[in-house]
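Notes for the one structure printed next.
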Amino acid sequence: MNQTIRVRYAPSPTGLPHVGNIRTALFNWLFARHNKGKFILRIEDTDVARTQPGALESIMDSLRWLGLDWDEGPEAGGPYSPYFQSQRLGIYRSIAEKLIAAGQAYHCFCSPERLQAMREEQTKRKEPPRYDRHCRDLPAAEVARLRGEGVVPVVRFNIPLEGRTVFKDLLRGEVSFENSTLDDLVLLKSDGYPTYHLANVTDDHLMEISHVLRADEWLSSTPRHVLLYDALGFQPPVFAHLPIILGPDRAKLSKRHGATAVTEFKEQGYLPEAMVNFLSLLGWSLDEKTELMSREELVANFSLERVSRTAAIFNLEKLNWMNGVYMRKLRPQDLCEKVMPFIESGLGPEPKCPVSDEYVSQITPLVQDRARTLREFAEFSDFFFYEDLKYEAGMLLKGVKSRDTALHALQTARQAIAELPRFDATSLECLFRPLAAELGLKPGEFFGLTRGAVTGKTATPPLFETMAVLGRERCLKRIDVAVKNLSVLKPS
RNA sequence: GGCGCAUUCGUCUAGCGGCCUAGGACACCUCCCUCUCAAGGAGGAGACCACCGGUUCGAAUCCGGUAUGCGCUACCA
């Protein structure tokens with residue numbers, strides 16, 4: 001096959017794009033870029049009731065955020081316009097009419113009520129619920145009568161009553177279905193919109209899609225599509241059904257499992273490059289060891305042969321780890337820039353120090369190794385920004401013998417700090433180590449106590465660097481507050 | 001219920017007949033480093049390769065069956 005590779009991502013704008021969904025987009029994109037082909041974005045807005053206003057924007061935002069650029073589609077345009085199925089209604093109608101004329105499809109006047117009753121009846125009799133082909137061979141006179149009554153029909157496809165439909169799936173090999181298990185699916189709905197099946201087959205053909213890489217849940221409807229291609233005299237594309245993504249409970253990933261929309265990951269402070277890397281490993285692998293790959297490496301190495309066939313569980317822990325790796329790889333000034341909005345929005349309304357580039361760039365090297373997401377970065381460094389700390393005074397006593405020991409140590413530290421000629425990390429350490437010995441405290445005890453006073457936390461970046469960034473005045477003030485907090489505590 | 005797909009450590013996976021007494025990664029545990037927390041380094045535990053048959057000198061790898069899971073079974077995609 002030496003035609004150019006053309007693949008598409010064809011979401012329906014019914015909500016926020018899901019990570020599973022976007023993983024399919026990623027694989028399509030990687031396949032296109034690896035093969036120097038085209039990646040097309042096509043919007044399948046054929047369900048009027050389910051289409052949501054902002055969905056298109058969030059689909060495009062998600063793709064852009066991950067760097068999955070499309071060659072044809074909304075905003076990009078392209079030779080096969082339009083790329084919105086709702087703007088191609090005439091095409092589907094004429095295809096449907098062509099099928100009817102050829103005896104490959106028919107009008108069906110059955111009401112939704114009749115269909116539902118029929119299915120209930122079938123289920124009760126333990127039969128597979130299937131359209132009973134009531135309208136398949138309706139006499140012309142009957143059709144005219146129903147028409148006259150104003151019943152708007154749907155168009156159904158004539159599935160062959162016998163035989164098998166066999167097709168090749170790139171990942172699963174030959175797949176075969178008994179035609180008798182398929183029913184006469186609806187092609188054109190009564191509102192004039194096509195169903196997925198018609199629109200999909202029509203557009204994939206017209207847009208010269210070479211490979212259909214879609215989620216596994218479509219495998220069962222592929223024989224219908226193959227039959228449709230046949231009826232229309234179209235050459236079917238190559239199919240590859242990708243494994244789906246499950247939540248930790250092995251059920252299809254959904255809102256119950258926490259964040260699932262791509263935009264949520266963005267808001268939670270994940271980096272797009274980490275996301276792309278992580279998602280690429282959900283159902284694909286390069287070899288037995290390589291895990292960390294740049295976008296370029298992924299493009300260079302991606303191949304369908306190495307896509308697995310089994311559903312994968314979305315492992316948030318691993319994403320967190322990988323995001324941390326990418327955070328640590330960032331140049332400090334880049335991290336600084338990326339984390340800024342999270343600091344600004346992540347801090348509450350309480351009075352806080354000004355958030356400046358200069359200040360944040362001092363904090364960045366201290367927190368970079370410690371945070372796994374940008375949001376976590378903001379949380380870990382919040383004490384740098386709040387003017388007043390909130391903590392339980394008892395926290396200060398953790399690891400210290402008594403309240404009075406702590407009070408004395410803090411007061412001693414306060415005075416020493418106030419008199420320190422140079423307020424930097426090295427000077428502070430040279431001051432504190434001997435001071436701990438003088439106080440009869442272990443360094444860890446003394447440092448921990450000071451840490452609590454100065455940050456309100458038990459776990460922070462290294463004490464002296466942290467103090468140096470906070471500045472002398474703020475440290476003194478916070479120690480004063482700590483002393484006050486301890487004084488009102490019962491002696492221990 | 002019918003049809004289809006799948007089944008290797010808790011999780012993501014490597015493996016496409018002998019290199020496997022099954023490799024890597026996350027998570028977990030221990031130790032080192034260390035002012036806390038991380039990061040980093042060194043180890044460890046963790047999979048009778050779903051089960052049962054078969055093919056073969058030899059099977060995680062091929063075939064059949066069973067079980068389990070998932071998907072589809074709409075005028076939704």
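Quick note on labels: first sequence line is chain A, next is B, and so on, each numbered from 1. Heavy atoms only: backbone and side chains are in, while hydrogens, waters and symmetry mates are out.
Whole-Å rounding puts the A/Asp369 CG to B/G41 P distance at 12 Å. If you measure from atom NZ of A/Lys442 to atom P of B/U34, you get 16 Å, rounded to the nearest angstrom. The distance between atom CZ of A/Phe447 and atom P of B/C37, rounded to the nearest whole Å, is 15 Å. Between A/Met322 atom CE and B/G24 atom P there is a gap of 17 Å when expressed in whole angstrom units. In this structure, A/Leu463 places its CG atom 17 Å from P of B/U34, rounding to the nearest Å. In this structure, A/Glu178 places its CD atom 10 Å from C1' of B/C3, rounding to the nearest Å. Between the CG atom of A/Asn277 and the P atom of B/G24 there is a distance of 20 Å, rounded to whole Å. Rounded to a whole Å, the CD atom of A/Glu174 is 11 Å from the P atom of B/C5.
For the pair A/Arg23 and A/Phe27, the cation sits on the ring face: its NZ or CZ lies under 6.0 Å from the ring centre, inside 45° of the axis. Stacking of A/Arg224 on the aromatic ring of A/Phe157 is not recorded, the 6.0 Å distance cut-off and the 45° axial limit not both being met.
The pairing partner recorded for B/U56 is none, the criterion being a Watson-Crick or G-U wobble arrangement whose two distances lie under 3.5 angstrom. Pairing partner, B/U36: none, since no Watson-Crick or wobble contact has both distances short of 3.5 Å. B/C28 and B/G44 make up a base pair, with Watson-Crick or G-U wobble contacts both under 3.5 Å. The partner of B/U21 cannot be assigned: no Watson-Crick or G-U wobble pair with both contacts below 3.5 Å exists in any strand. The pairing partner recorded for B/C49 is none, the criterion being a Watson-Crick or G-U wobble arrangement whose two distances lie under 3.5 angstrom. Nucleotide B/U61 has no partner under the Watson-Crick or G-U criteria, as no pair reaches both atom distances under 3.5 Å. Pair check for B/U68 finds B/A6; Watson-Crick or G-U wobble, both atom distances under 3.5 Å.
Annotation: B/C62 and B/C19 have their P atoms spaced 16 Å apart (nearest Å). Between B/G65 and B/A74, the two C1' atoms lie 34 Å apart (nearest whole Å). B/C29 sits 31 Å from B/G69 when the C1' atoms are compared, rounded to a whole Å. A distance of about 12 Å separates the C1' atoms of B/A14 and B/A60, rounded to the whole Å. Separation of the C1' atoms belonging to B/U34 and B/A39 is 12 Å when rounded to the nearest angstrom. Going from the C1' atom of B/C32 to that of B/G15 covers 34 Å, rounded to whole Å. For the P atoms, the distance linking B/U21 with B/U13 amounts to 25 Å, nearest Å. Of the C1' atoms belonging to B/C33 and B/G23, the separation is 29 Å, rounded to the nearest Å.
Shown here for A/Leu89 and A/Pro194, the closest heavy-atom pair between the two residues is CD1-CD, 3.8 Å. Of all heavy-atom pairs between A/Pro17 and A/Tyr9, the closest is CB-OH, 4.4 Å.
Nucleic acid contact class of A/Thr450 (heavy atoms, under 4.0 Å, all strands): none. Using a 4.0 Å heavy-atom distance criterion, A/Val367 is classed as making no nucleic acid contact. Within the nucleic acid shown, A/Leu292 has no heavy atom closer than 4.0 Å to any nucleic acid atom.
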*Step by step, work out the ring-ring contact (aromatic ring centres under 6.0 Å, His included) result for A/Tyr196 and A/Trp218.*
CA-CA 11 Å; A/Tyr196 170 84; A/Trp218 293 109; 3.9 Å; yes
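For the side-chain contact (heavy atoms from CB on, under 4.5 Å) with A/Tyr92, the qualifying choice from A/Leu187, A/Thr195, A/Asp203 is A/Asp203, the only one to do so.
Aromatic ring centres of A/Tyr326 and A/Tyr270: separated by at least 6.0 Å. Aromatic pair A/Phe464/A/Phe432: ring centres closer than 6.0 Å.
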*Sugar-phosphate or base contact per nucleotide [nucleotides 72-77 of chain B; S, B, -; heavy atom under 4.0 Å]*: SSSBBB
*asked:* Base contacts versus sugar-phosphate-only contacts with protein, heavy atoms under 4.0 Å: please encode nucleotides 6-15 of chain B as B, S and - from 5' to 3'.
replied: SS---BBSSS
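The nucleotide whose nearest atom lies closest to any side-chain atom of A/Arg328 is, among B/A39, B/C70, B/U36, B/A39.
Using modelled atom types and a 3.5 Å distance limit, the side chains of A/Ser86 and A/Asp45 yield a donor-acceptor pair.
When each of A/Leu219 and A/Pro461 is assigned the nucleotide of RNA chain B with its nearest heavy atom, A/Leu219 is the one assigned upstream, toward the 5' end.
Note on ring orientation: taking the six-membered ring where Trp is involved, the planes of A/His241 and A/Phe239 are parallel (angle under 30°, cut-offs 30° and 60°).
Of the possible donor and acceptor atoms, none in the side chain of A/Gln368 sits under 3.5 Å from a partner among the backbone N and O of A/Pro332.
A/Asp204 pairs by the salt bridge (Lys or Arg N to Asp or Glu O under 4.0 Å) definition with A/Arg8, A/Arg42, not counting sequence neighbours.
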